[in-house]
Number of protein chains: 2
Amino acid sequence: MALAHAILAALVHQPRSGYDLTKYFERSIGFFWNASHQQIYRELAKLEAQNWIDSEAIAQASRPDKKLYHLTPLGHQHLTQWVAEPCEAVAMKDDLLVKVFVGSLVSTSVIEQELARHRQLHSEKLATYKTIQQEYFQAPRQLPEVDLFPYLTLRRGIRHEQEWIDWCDEALELLTKRSDDKPV
Amino acid sequence: MALAHAILAALVHQPRSGYDLTKYFERSIGFFWNASHQQIYRELAKLEAQNWIDSEAIAQASRPDKKLYHLTPLGHQHLTQWVAEPCEAVAMKDDLLVKVFVGSLVSTSVIEQELARHRQLHSEKLATYKTIQQEYFQAPRQLPEVDLFPYLTLRRGIRHEQEWIDWCDEALELLTKRSDDKPV
DNA sequence: TCGCCCATGTAATAAGTTACATGATTCG
DNA sequence: CGAATCATGTAACTTATTACATGGGCGA
């Protein structure tokens, strides 16, 4: 159900094609709910069958035709209802932490390298988010409500990536101190 | 594949039954990789078929018999290999953020209440983690390597919950300021 | 001319959730 | 006497991932 709602959410302010949605799920909403194009097309078919969205065929010259999907009043209603429902806190699910948990199985340097690599990945993501923040959200207190909510999700992304980086630093420091004590 | 490896990781230092594993996935490893008992039993059957684990029937008086699963040398080898492999950063996937993203569809107080509730959930989890930290990991720099790695995962849990709380506070502050400006 | 962008899908497999199913013991 | 704990599973269903499939236009 959750992907369905994420798609409806992506259609609230404008119609989009499957392709557009796929792109949108690589930025924006995709920062906290990702989906592949295969999933999206399948879900769009279901949503249309339920009449939560409808589609409009757009013929294009020098490009494949596309189907623009719109939220129907029914879809809008279901989405609104869902937003108002309480939800559970999601559990973390992270490969890297499982690996770190049994990190003693391999040489410490293997874990150190992996932590350094992830630190890099997260700082790149952080940089992306900060760029978006500077470009679109300069004065958060003056934002109209419609934009304030997406801003909050961006803030969560920024905090999340920062938290990752800080943890990697803490972990690397502890591991490095240790390998200094007992050199290989 | 990931659940399989999480189970192998849970069996590294001691054999466990399906039931034990289920409990273990409610604490410890479960803090960053959760699984239901149904999933666990299914996966155990697969792992045993592959000879990555083997089982020993334990007859018990006044309790149902149980099967204790041990990691085989083959399983140990596969786990070690997997730990040494690099992995991708996992994407966030969070219902609440989708809801916040389109929070303008509902009354601000609905979102505020939900944020307050989640703040509460996360501070409870944080308290749990901090208790574990105090009980088992008082002097991290003196920890033997085998315990240092689990300690690092606990630190991640603590930072993660703290980050959640901080974000909830930031979001609530911004929303509250706003609803003060324009009372309903 | 090679690869990327646009554009949409199907099929097979893997993973996860929900519901169903059983049954003894122990504690309040 | 009822609820929780111990203990193990099957079945149905929903979601997600990976691989396969097609094909024109456009820029380097």
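Letters go in sequence order (proteins before strands), and every chain restarts at 1.
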Item to check | 5′-ward residue of the pair A:R42/B:L68 relative to DNA chain D | outcome: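 Looking at DNA chain D, the more 5' nearest nucleotide goes with B:L68.
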
Checklist entry - Of B:Y19 and B:Y69, whose nearest nucleotide on DNA chain D comes first from the 5' end? => result B:Y19

Rounded distance (Å) that lies between atom [atom2] of [N] and atom [atom1] of [X]:
{"X": "B:E88", "N": "D:dT18", "atom1": "CD", "atom2": "C1'", "answer": "13 Å"}
{"X": "A:D65", "N": "D:dG25", "atom1": "CG", "atom2": "C1'", "answer": "14 Å"}
{"X": "B:L21", "N": "D:dA7", "atom1": "CG", "atom2": "C1'", "answer": "13 Å"}
{"X": "B:Y24", "N": "D:dT5", "atom1": "OH", "atom2": "P", "answer": "21 Å"}
{"X": "B:Q39", "N": "D:dA16", "atom1": "CD", "atom2": "P", "answer": "13 Å"}
{"X": "A:I40", "N": "C:dG9", "atom1": "CD1", "atom2": "P", "answer": "12 Å"}
{"X": "B:L3", "N": "D:dT15", "atom1": "CG", "atom2": "C1'", "answer": "16 Å"}
{"X": "B:H37", "N": "C:dA21", "atom1": "NE2", "atom2": "P", "answer": "14 Å"}

Item to check | Distance under 6.0 Å and angle within 45° of ring axis: A:R156 vs B:W164 | outcome: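 Relative to the ring axis of B:W164, which defines the angle, A:R156 lies inside both limits.
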
Checklist entry - According to the interplanar angle, ranging from 0 to 90°, do the rings of B:H5 and B:W52 count as parallel (below 30°), tilted (30 to 60°) or perpendicular (above 60°)? => result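 Plane angle between 30° and 60°, so tilted.
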
Phosphate oxygens OP1/OP2 of [N]: is one of them under 4.0 Å from a side-chain N or O of [X]?
{"X": "A:Y41", "N": "C:dT8", "result": "yes"}
{"X": "B:K46", "N": "C:dA14", "result": "no"}
{"X": "B:Q38", "N": "D:dG9", "result": "no"}
{"X": "B:S17", "N": "D:dT8", "result": "yes"}

Next on the checklist: What I want to find out is whether A:K177 reaches A:E173 closely enough, with some N-O distance under 4.0 Å, to be called a salt bridge.
Outcome noted: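 Salt bridge between A:K177 and A:E173, a charged N being under 4.0 Å from a carboxylate O: yes.
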
Checklist entry - How is B:E43 classified with respect to the nucleic acid when contacts are heavy atoms under 4.0 Å: base, sugar-phosphate, or nothing? => result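 No contact at all - B:E43 keeps every heavy atom at 4.0 Å or more from the nucleic acid.
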
Next on the checklist: Classify A:T22 by what it touches in the nucleic acid, base, sugar-phosphate, or nothing, heavy-atom distance under 4.0 Å.
Outcome noted: nothing

Nearest of [options] to any side-chain atom of [X]?
{"X": "A:K23", "options": "C:dC6, C:dA7, D:dA16", "result": "C:dC6"}
{"X": "B:K67", "options": "D:dT8, C:dG16, C:dT8", "result": "D:dT8"}
{"X": "A:K66", "options": "C:dA7, D:dT18, D:dA7", "result": "C:dA7"}

Item to check | Interatomic distance, B:F32 atom CZ to B:F25 atom CZ [nearest 0.5 angstrom] | outcome: 9.0 Å

Checklist entry - With ring centroids as reference points, do A:Y151 and A:Y136 lie under 6.0 angstrom apart? => result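 No - the distance between ring centres of A:Y151 and A:Y136 does not fall below the 6.0 Å cut-off.
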
